[in-house]
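Counting convention: from 1, in listed order, for ligands and their atoms alike. Since the structure is predicted, the reported quantities are computational estimates derived from the model, not experimental observations.
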Amino acid sequence: MNDCIFCKIVDGALPSNKVYEDDELLAFHDIHPIAPVHILIIPKTHIVSLSECGNKHQNLLGRMLLLAPELARKHGLETGFRTMINTGHGGGQEVFHLHIHIFGGGGKLART
Ligand code: 5GP
Ligand code: ZN
């Protein structure tokens with residue numbers, strides 16, 4: 001069986017604090033938030049990272065990106081938010097199932 005943590009969350013084998021779900025995408029709160037709001041958007045299908053994406057993923061990637069401001073708004077990040085996609089070991093990726101981090105609400109992120 002696939003031992004990917006995020007696939008297990010998609011399958012319901014591991015719990016998560018879900019904030020959004022549709023046929024293709026799932027979003028849930030990060031288990032170790034680095035800001036007052038910290039959400040992860042993932043595709044339900046297992047894609048290792050952004051480096052493994054190609055033309056056939058254009059629509060999926062567009063949908064993931066467009067979901068970010070929608071979820072940010074819903075979670076009170078009216079003044080803005082940060083997105084992050086860590087890719088590969090060199091990019092700090094720890095869970096090898098594509099995900100977009102959305103975080104904010106801390107004030108510390110804002111530049112003066
Ligand atoms: P990465 O470094 O791969 O971009 O980030 C992986 C993120 O997944 C981390 O911020 C980490 O806290 C989060 N994470 C790891 N395991 C779990 C889990 O089981 N549940 C949830 N909700 N988040 C997780
Ligand atoms: Zn996976």
Side-chain angles (χ1 to χ4, degrees):
M1 179 183 163
N2 180 357
D3 63 359
C4 169
I5 291 171
F6 288 175
C7 282
K8 285 182 178 166
I9 287 176
V10 170
D11 292 344
L14 275 180
S16 72
N17 197 345
K18 284 181 199 173
V19 298
Y20 178 87
E21 181 167 17
D22 65 30
D23 287 355
E24 292 185 309
L25 307 180
L26 185 67
F28 49 86
H29 289 285
D30 196 293
I31 205 166
H32 296 126
I34 59 169
V37 176
H38 186 171
I39 291 166
L40 302 173
I41 299 174
I42 71 168
K44 285 188 168 178
T45 180
H46 183 80
I47 299 169
V48 172
S49 78
L50 196 55
S51 287
E52 273 68 33
C53 288
N55 286 342
K56 69 175 181 180
H57 299 109
Q58 274 189 21
N59 191 56
L60 182 76
L61 289 171
R63 292 200 60 236
M64 288 175 70
L65 212 49
L66 289 171
L67 185 56
E70 187 183 321
L71 294 183
R73 262 193 308 275
K74 278 187 183 153
H75 289 81
L77 303 180
E78 284 92 3
T79 61
F81 59 93
R82 186 167 292 182
T83 45
M84 178 170 78
I85 306 175
N86 295 327
T87 303
H89 289 287
Q93 187 173 3
E94 289 178 358
V95 176
F96 285 83
H97 180 130
L98 177 66
H99 52 282
I100 301 180
H101 295 255
I102 305 165
F103 51 97
K108 277 183 290 184
L109 296 176
R111 295 197 175 91
T112 49

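For the atom pair CD (Gln93) and CG (Leu98), the distance works out to 7.5 Å, reported to the nearest 0.5 Å. Atom CD1 of Ile85 is separated from atom CG of Leu50 by 5.0 Å, given to the nearest 0.5 angstrom. Note that the CD atom of Glu52 and the NE2 atom of His97 stand 12.0 Å from one another [nearest 0.5 Å]. Within the model, atoms CG of Leu26 and NZ of Lys44 stand 6.0 Å from one another, a figure rounded to the nearest 0.5 Å. Taken from CG in Leu40 to CG in Asp30, the straight-line distance is 4.5 Å, to the nearest 0.5 Å. Between the CZ atom in Arg82 and the CD1 atom in Ile34 there is a gap of 8.5 Å [rounded to 0.5 Å].
The shortest separation from a heavy atom of Gly92 to ligand 1 is under 4.0 Å, placing the residue in contact. Proximity of Ile9 to ligand 1 is established by a heavy-atom distance of less than 4.0 Å.
Summarising the geometry of Ala35 relative to Phe103, their closest heavy-atom pair is CB-CB, 3.9 Å, with the distance given to 0.1 Å. Heavy atoms only, all atoms of each residue included: Ile47 and Cys53 are closest at CG2-SG, 3.9 Å. The shortest non-hydrogen separation linking Val48 to His46 is CG2-NE2, 3.8 Å.
In Phe103, neither the side chain nor the backbone holds a heavy atom less than 4.0 Å from any atom of ligand 1. Residue Val95 touches ligand 1 through backbone and side chain together, judged by heavy-atom distances below 4.0 Å. With a 4.0 Å cut-off on non-hydrogen atoms, Phe96 does not touch ligand 1 at all.
The single protein non-hydrogen atom nearest to atom 19 (O) of ligand 1 is Ile5 CG2, 3.5 Å, given as residue, atom name and distance. Scanning the protein for heavy atoms near atom 10 (O) of ligand 1, the closest one is Asp30 OD2, 2.5 Å.
Remark: at the Zn ion (ligand 2), atom ND1 from His46 and atom SG from Cys7 enclose 100°, rounded to the nearest 10 degrees. Here the angle centred on the Zn ion (ligand 2), running from SG of Cys4 over to ND1 of His97, is 110°, rounded to 10°.
Contact atoms of ligand 1 toward Phe28: 21 (C), 22 (N) (distance under 4.0 Å to a heavy atom of the residue). For ligand 1 and His101, the ligand atoms under 4.0 Å from any heavy atom of the residue are 1 (P), 4 (O), 5 (O), 7 (C), 10 (O). Contact atoms of ligand 1 toward His32: 12 (O) (distance under 4.0 Å to a heavy atom of the residue).
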Subject >> From CA spacing to verdict: ring pair (Phe, Tyr, Trp, His ring centres under 6.0 Å), His89, Phe96 >> reply: CA-CA 9 Å; His89 289 287; Phe96 285 83; 4.9 Å; yes
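The option from Ile31, Asn86, Thr87, Leu14 that lies nearest to atom 23 (N) of ligand 1, judged by heavy atoms, is Ile31. Checking His99, His29, Glu94 against atom 5 (O) of ligand 1, the nearest heavy atom belongs to His99.
Polar contact with ligand 1: absent for His38 (N/O pair, distance under 3.5 Å).
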